[in-house]
Amino acid sequence: MPELPEVETVKRGLLKLIVGKTIKFIEHDWPKSFPNSEFDVTSFLVGASIKNVRRRAKVLIIDLSTGYSLVIHLKMTGQMVYVKRKQIEDSRLKNEDAVDEIDPQFSISNSQSLNSEDIRFGAGHPNDSLIKELPDKSTRVIFVFNDDSHLYFNDQRKFGWVRLMPTIEVPNIDFMKKVGPEPLEPEFTAEVFINRIQKRANTTIKAAILDQTVLAGVGNIYADESLWGANIHPASRVFDVPLAKLKKLHFEIVFVLNLSINKGGSTSRNYVNAEGKRGSYLEFARVFRRENLPCPRCATIIKKIRVAGRGTHVCPKCQVLPKKLVNI
DNA sequence: CACTTGACCTGTCCGC
DNA sequence: TGCGGACAGGTCAAGT
């Protein structure tokens, strides 16, 4: 899924695009995408307007005027894509020069077709779109606003969900109670990080930074990227990693997350932002999905291994496992 | 308790 | 070209 930078990018897009709009209508076709639909979700949503869009960890929170919030987890393949209805029709019916009064940022490109290499290496221009026409068969929920613009929740793998709950209850859901500090907040100091991660002394460092209760928002991409940056082998046990390297790792995590936000996130398969566009971080990735390519630091060929049950990219020269302690 | 593994789903890619 | 298996950005529950 979208990790922290991707969810943050979607959040920023939605803040610009949907705040102030009123929900006129909703459709949802997959009960698990909307697990609390046992009560009449529609009647709670229709007529509500969008007050704010927030993020906590990898969770999106859309606050409504009614005191309720939509809480959304995109998991692996979720997307939130905003489309002006008019514009889809326009782009189908008219040619390029007829789009005058429509803000160009909203235009959904259907002229780009990306081959799998582009997608694998994130080589496409950040403005490239993976969305051709919506709804498509991954569309699970459609929010229609009073101006007839649409917000699509798409999720190919159906792991994601949307929940409706009173805003005041959001901090009480299990995930929110357990989740660790936001890495981009000033309170997330190296000391805080080291203190928390050392409680996971016996697991691998990669499993530890993927653990959302240690810190919020790191997933497989930025775990690999930050461990490479800090010259730490992902399979190192936490207790084997020297303090100086943990400190460097803290710096690298903050660095890669910020860099990725600046690049609009990572698109390796199907992540897109709120305007249906790809992120370009993977063009700058140092190890992630770069197996069999040279390490940008030492030119050693990057290997793909398995750590914490996840595909893991590592430079065998820059990231060395600590020597096994010799038993006496 | 700490830690690891499998399940949840669909789609794609790779090797036979 | 078809088919089986492995794998894909996350998180839980159930296992050791």
Side-chain angles (χ1 to χ4, degrees), chain A residues 1-10 29-33 35 55-60 71-80 114-122 130 136-140 153-163 173-180 196-226 234-239 256-257 260-261 263-273 278-282 285 287-292 304-313:
Chain A
M1 124 158 171
E3 305 181 27
L4 184 151
E6 291 74 31
V7 181
E8 178 65 21
T9 303
V10 170
D29 74 329
W30 179 247
K32 280 192 182 172
S33 292
R55 176 190 63 75
R56 172 74 172 107
K58 301 172 190 171
V59 177
L60 260 181
V71 181
I72 300 162
H73 204 308
L74 303 174
K75 290 288 180 82
M76 302 281 261
T77 54
Q79 308 173 331
M80 293 292 284
L114 298 167
N115 64 38
S116 62
E117 286 296 279
D118 287 335
I119 294 167
R120 177 185 315 260
F121 297 112
L130 289 179
D136 64 22
K137 62 182 182 179
S138 75
T139 299
R140 311 291 167 213
F153 171 60
N154 303 322
D155 184 19
Q156 180 182 98
R157 289 173 74 178
K158 299 182 176 175
F159 290 170
W161 43 258
V162 180
R163 262 178 234 162
I173 64 180
D174 285 350
F175 180 86
M176 293 297 184
K177 283 195 287 197
K178 289 186 311 190
V179 73
R196 297 180 73 91
I197 204 160
Q198 286 187 330
K199 294 182 177 145
R200 302 295 315 275
N202 274 305
T203 192
T204 60
I205 188 80
K206 177 159 178 174
I209 60 174
L210 287 172
D211 182 342
Q212 300 297 295
T213 70
V214 172
L215 77 158
V218 173
N220 207 35
I221 298 176
Y222 306 106
D224 284 5
E225 290 290 293
S226 58
S236 311
R237 299 281 141 181
V238 173
F239 63 71
V256 296
L257 294 176
S260 183
I261 290 171
K263 302 298 173 192
S266 294
T267 299
S268 67
R269 282 197 167 71
N270 49 24
Y271 161 77
V272 292
N273 68 15
R278 320 170 77 235
S280 69
Y281 175 83
L282 288 189
V287 284
F288 190 80
R289 289 181 78 82
R290 290 181 46 81
E291 60 270 29
N292 303 321
K304 187 166 181 189
I305 59 175
R306 190 154 276 267
V307 177
R310 315 294 302 274
T312 298
H313 307 79

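None of the values given here were measured: they were computed from a predicted structure. Note that these values count all heavy atoms, side chains included, but never hydrogens, waters or copies made by symmetry. So that the names make sense, note that chain A is the first sequence line, chain B the second, and so on, each numbered from 1.
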Any strand counts, and the cut-off is 3.5 Å on both contacts for Watson-Crick or G-U wobble. Which nucleotide pairs with B:dC16?
C:dG2
Please answer whether the main-chain N or O of A:V218 pairs with a side-chain N or O of A:K58 as donor and acceptor at a distance below 3.5 Å.
yes
Spacing of A:D155 atom CG relative to C:dT11 atom P, expressed in whole Å:
13 Å
Just so I know, are the side chains of A:T312 and A:D224 near enough to count as touching, which here means a heavy-atom distance under 4.5 Å?
yes
Figure out the CZ/P separation between A:R163 and C:dT11, and round it to whole Å.
13 Å
Give A:R237 one of three labels, base, sugar-phosphate or nothing, depending on what nucleic acid heavy atoms sit under 4.0 Å from its own.
sugar-phosphate
Please report, rounded to the nearest Å, how far the P atom of C:dC7 is from the CD1 atom of A:I305.
13 Å
Between C:dG5 and B:dG6, how far is it from one P atom to the other, in whole Å?
16 Å
Using a heavy-atom cut-off of 4.0 Å across all strands, would you classify A:S266 as base, sugar-phosphate, or nothing?
base
Determine whether the aromatic ring of A:F175 stacks with the base of C:dT11, defined as ring centroids separated by less than 5.5 Å and ring planes inclined by less than 30°.
no
N/O (side chain, A:K178) to phosphate O (OP1/OP2, C:dC12) under 4.0 Å:
yes
Rounded to whole Å, the CD-P distance (A:Q156 to B:dG11) equals 6 Å
Can you check the distance between C:dC7 and B:dT5, where both ends of the measurement are the P atom (answer in whole Å)?
14 Å
Short side-chain N/O contact to B:dT4 OP1/OP2 from A:T203, under 4.0 Å
yes
Have a look at A:G309 and say if it touches a base, only the backbone sugar-phosphate, or nothing, with a 4.0 Å heavy-atom cut-off.
nothing
Short side-chain N/O contact to C:dT11 OP1/OP2 from A:K58, under 4.0 Å:
yes
A:N154 CG - C:dG9 C1' separation (whole Å):
16 Å
Are OP1 or OP2 of C:dA8 and a side-chain N or O of A:R310 less than 4.0 angstrom apart?
no
Separation between CZ (A:R157) and CG (A:L74), nearest 0.5 Å, reads 13.5 Å
Tell me, do A:L4 and A:I261 make a side-chain contact under 4.5 Å, heavy atoms counted?
yes
When you measure from the side-chain N and O atoms of A:Q212 to the phosphate of C:dG10, is any distance below 4.0 Å, counting only OP1 and OP2?
no
Check A:E6, A:E8, A:E3 against A:R55 for a salt bridge (Lys or Arg N to Asp or Glu O under 4.0 Å) and give me the one that passes.
A:E8
What contact category does A:G311 fall into here, base, sugar-phosphate, or nothing, at under 4.0 angstrom with non-hydrogen atoms?
sugar-phosphate
Is the closest side-chain heavy-atom distance between A:R237 and A:T204 below 4.5 Å?
yes
It should be established whether A:H73 places a side-chain nitrogen or oxygen under 4.0 Å from OP1 or OP2 of nucleotide C:dT11.
yes
Kindly confirm whether the side-chain ring of A:Y271 is stacked on the base of C:dG9, judged by centres under 5.5 Å and planes under 30°.
no
Closer than 3.5 angstrom, by distance alone: can the side chain of A:H313 be matched with the main-chain N or O of A:R289 as a donor-acceptor pair?
yes
Nearest-angstrom distance, C1' atom, B:dA2 to C:dG9:
26 Å
Rounded to the nearest Å, what distance is computed from the CZ atom of residue A:R269 to the P atom of nucleotide B:dC13?
8 Å
Examine B:dA7: is either OP1 or OP2 under 4.0 Å from a nitrogen or oxygen in the side chain of A:R157? Give yes or no.
no
Given atom CD of A:E6 and atom P of C:dG9, what is their separation to the nearest angstrom?
12 Å
To the nearest angstrom, how far is A:Y222 atom OH from C:dG9 atom P?
12 Å
Phosphate OP1/OP2 of C:dA8 contacted by A:K304 side-chain N/O (<4.0 Å)
yes
Ignoring backbone atoms, test whether A:R200 places a side-chain nitrogen or oxygen under 4.0 Å from the OP1 or OP2 oxygen of B:dA2.
no
